[in-house]
Asks: 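Here it is, the structure, as structure tokens.
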Amino acid sequence: MNKKPVYILGIESSCDETSAAISCNGTILSNIIAGQEVHERFGGVVPELASRAHQQQIIPVVDAALSEAKVAKEDLAAVAFTRGPGLIGSLLVGTSFAKAFAMSLNIPLIEVNHMQAHVIGNFAARERQEIIAPEFPFLCLTVSGGHTQIVKVESYLKMEIIGQTIDDAAGEAFDKVAKMLNLPYPGGPEVDKMAAIGNPKAFKFPVSDMPGLNYSFSGFKTSVLYFLQKQRQQQADFAEANMADICASAQYTIITILLKKLTQAVAETGIKNIAIAGGVSANKGLRKALMEKQETSGWKVHIPAFEYCTDNAGMIALYGYYKWQAKEFAGLDIAPTARYGF
Ligand code: KG4
Ligand code: ZN
């Protein structure tokens, strides 16, 4: 007997992507992502401009998600939205839209933690697209522009942060290195591209060691800054002349820092099922290093599809489905929150 289709609309507006997606019984039917070019010339996200762009984009993006999925709004079972963490003005746009939409259709509202949704991105797949999902329990290295976390995942709805950064996030470290090298924003993918043709051992940067399973990237960032200042005094075009090697060496150091604590987490928990999530999980060097760990250390590594690594509503619509199954609904008085731990 066929299962009754449960269509969930997901809304994501935590930073600078306006995204809407439809999931059906745990698969993704559509995942529309509208970026915001307005920030490029400022070299970073301008919160006020982000909120305005979300306001302009949210209705066409939701429309596109419904029509691509061939789902009428009256057939939706619930509306799931990112409640936080993120930029409060941006979150407000998605939250207000989700509330109004759910209220007008008289269907439940589901609030989603953006960081937990990144973890859930590991289960995201289109209809008829086979994926081998990670097995519970697993450790997820969530690495984005604002967060770096090691999460112990027991089930879709049971997750615990066992390590995190005490200062910068891994994505921020990538973006700041790119900025020092005058590469365009967002810098992570640019460093990734350049690193592919550089020598990772050309320059040496320090690998931090924090207590427990925590991370720190501020020492690394400062050392790259001082290194470039010193080299530029002797050779004004040092960065331009050594771009690929600097990128490869910086990326190698960030990956070494990330894997050091992840390896420690595997030893401490005995869990060898590993997943990654967040924007930095798109990094080719990190993906390769994890696949090597699979060969050398017996880890079972799960890498999500590119589409579900960076910010997207597919992961929100999917997480919304799991919460719908558990009947975890939110009241219409719910407010977004810039900081949202778990
Ligand atoms: O998860 P995400 O899209 O947004 C946040 O929730 O922060 O992550 C964005 C971060 C940015 O710092 C961006 O530079 C980084 O992910 N990123 C990358 C790559 N693609 C995106 N960093 C390194 N290599 C990449 N290929
Ligand atoms: Zn994110």
Side-chain angles (χ1 to χ4, degrees), residues 10-19 21 31 33-36 39-40 43-45 47 50 54 81-88 90-91 94 112-122 124 140-149 151 164-165 168-181 183-196 198 200 217 220-221 247-248 250-258 275-290 303-316 318-319 338-340 342:
I11 308 273
E12 158 62 32
S13 73
S14 64
C15 190
D16 61 341
E17 330 274 354
T18 317
S19 182
N31 186 26
I33 305 166
Q36 302 182 352
H39 308 290
E40 266 167 35
V45 179
H54 283 305
F81 70 99
T82 299
R83 182 183 173 206
L87 301 170
I88 194 69
S90 293
L91 291 165
V112 170
N113 180 309
H114 178 85
M115 298 314 296
Q116 292 181 332
H118 269 304
V119 175
I120 292 297
N122 280 281
C140 186
L141 177 68
T142 312
V143 271
S144 72
H147 296 81
T148 297
Q149 301 172 337
V151 183
Q164 60 190 319
T165 183
D168 290 354
E172 233 172 322
F174 270 104
D175 293 341
K176 285 180 179 165
V177 166
K179 203 165 184 171
M180 290 177 215
L181 296 170
L183 291 171
Y185 167 86
E190 300 292 327
V191 173
D192 192 2
K193 249 185 271 165
M194 293 302 298
F217 287 96
F220 160 77
K221 185 185 68 187
C247 288
Q251 177 168 301
Y252 175 78
T253 312
I254 295 173
I255 294 170
T256 305
I257 295 172
L258 289 173
I276 52 171
V280 181
S281 65
N283 184 269
K284 290 192 200 66
L286 178 60
R287 287 170 170 239
K288 192 162 157 254
L290 283 166
I303 294 180
F306 276 111
E307 183 182 0
Y308 306 110
C309 287
T310 45
D311 288 349
N312 70 92
M315 64 187 193
I316 307 297
L318 189 55
Y319 198 21
R339 290 175 170 272
Y340 194 2
F342 61 91

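Both counts, for ligands and for their atoms, begin at 1 and track the order of listing.
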Asks: Taking backbone and side chain together, does H114 place any N/O/S atom at a distance below 2.8 Å from the Zn ion (ligand 2)?
Replies: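 Coordinating: yes.
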Asks: Does an N or O anywhere in C309 fall below 3.5 Å from an N or O of ligand 1?
Replies: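 No, there is no polar N/O contact under 3.5 Å.
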Asks: Say whether T310, considering both its backbone and side-chain N or O atoms, lies within less than 3.5 Å of an N or O atom on ligand 1.
Replies: no
Asks: Once rounded to 10°, what is the value of the angle centred on the Zn ion (ligand 2) between D311 OD1 and H118 NE2?
Replies: 100°
Asks: If only side-chain N and O atoms count, and only distance matters, is there a donor-acceptor pair under 3.5 Å linking Q116 with Y319?
Replies: yes
Asks: Check for me whether Q251 has a heavy atom closer than 4.0 Å to any atom of ligand 1.
Replies: no
Asks: Tell me the nearest of A173, G278, G86, G145 to atom 9 (C) of ligand 1, using heavy-atom distances.
Replies: G145
Asks: Do S14 and D311 come within less than 4.5 Å of each other through their side chains, counting heavy atoms only?
Replies: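 S14 reaches D311 side chain to side chain.
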Asks: Count the heavy atoms of every other residue, nucleotide or ligand shown that sit under 6.0 Å from OH of Y252, and state whether that count exceeds 12.
Replies: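 It does not: Y252 OH has 12 such atoms or fewer within range.
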Asks: How does N283 reach ligand 1, by side chain, by backbone, by both or by neither, if only non-hydrogen atoms under 4.0 Å count?
Replies: both
Asks: Got an N, O or S from H147 under 2.8 Å of the Zn ion (ligand 2)?
Replies: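 No, outside the cut-off.
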Asks: Hey, does G146 sit under 4.0 Å from ligand 1 if you only count heavy atoms?
Replies: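 The answer is yes: ligand 1 sits under 4.0 Å from a heavy atom of G146.
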Asks: Would you mind running through ligand 1 and noting each atom that sits below 4.0 Å from a heavy atom of G171?
Replies: 12 (O)
Asks: Do T165 side-chain atoms and T148 backbone N/O form a donor-acceptor pair below 3.5 Å?
Replies: no
Asks: Would you say Q149 and F342 make side-chain contact, with heavy atoms under 4.5 Å?
Replies: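 The answer is yes, as the side chains (C-beta and beyond) meet within the 4.5 Å cut-off.
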Asks: Would you say D192 has any N or O atom under 3.5 Å from an N or O of ligand 1, going by distance alone?
Replies: yes
Asks: State the atoms of ligand 1, each with its element, that fall below the 4.0 Å cut-off from a heavy-atom position in G188.
Replies: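 Those qualifying, in numeric order: 14 (O), 18 (C), 19 (C), 22 (N), 23 (C), 24 (N), 25 (C).
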Asks: Could you tell me whether the side chain of D16 and the main chain of Q36 form a donor-acceptor pair under 3.5 Å?
Replies: no
Asks: Just so I know, are the side chains of N283 and Q251 near enough to count as touching, which here means a heavy-atom distance under 4.5 Å?
Replies: yes
Asks: Number the atoms of ligand 1 from 1 as they appear, then name those within less than 4.0 Å of a heavy atom of D175, with their elements.
Replies: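 Going through ligand 1 atom by atom, the ones under 4.0 Å from D175 are 11 (C), 12 (O), 13 (C), 14 (O).
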Asks: Is a side-chain donor or acceptor of E172 paired with a backbone partner of A169 at a separation under 3.5 angstrom?
Replies: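 Yes; at least one donor-acceptor contact below 3.5 Å.
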Asks: How does H114 reach ligand 1, by side chain, by backbone, by both or by neither, if only non-hydrogen atoms under 4.0 Å count?
Replies: side chain
Asks: Report yes or no: does N31 contribute a side-chain atom to a donor-acceptor pair with the main-chain N or O of N312 at less than 3.5 Å?
Replies: no
Asks: Just so I know, are the side chains of L286 and V143 near enough to count as touching, which here means a heavy-atom distance under 4.5 Å?
Replies: yes
Asks: Using heavy atoms and a threshold below 4.0 Å, how should the contact between H118 and ligand 1 be classified: side chain, backbone, both, or neither?
Replies: side chain
Asks: For ligand 1, indicate whether the residue D311 contacts it via side chain, backbone, both or neither (heavy-atom separation under 4.0 Å).
Replies: both
Asks: Quick check against the 3.5 Å criterion: does H54 have a side-chain atom that pairs as donor or acceptor with the backbone of C15?
Replies: yes
Asks: Short N/O distance, under 3.5 Å, between G279 and ligand 1?
Replies: yes
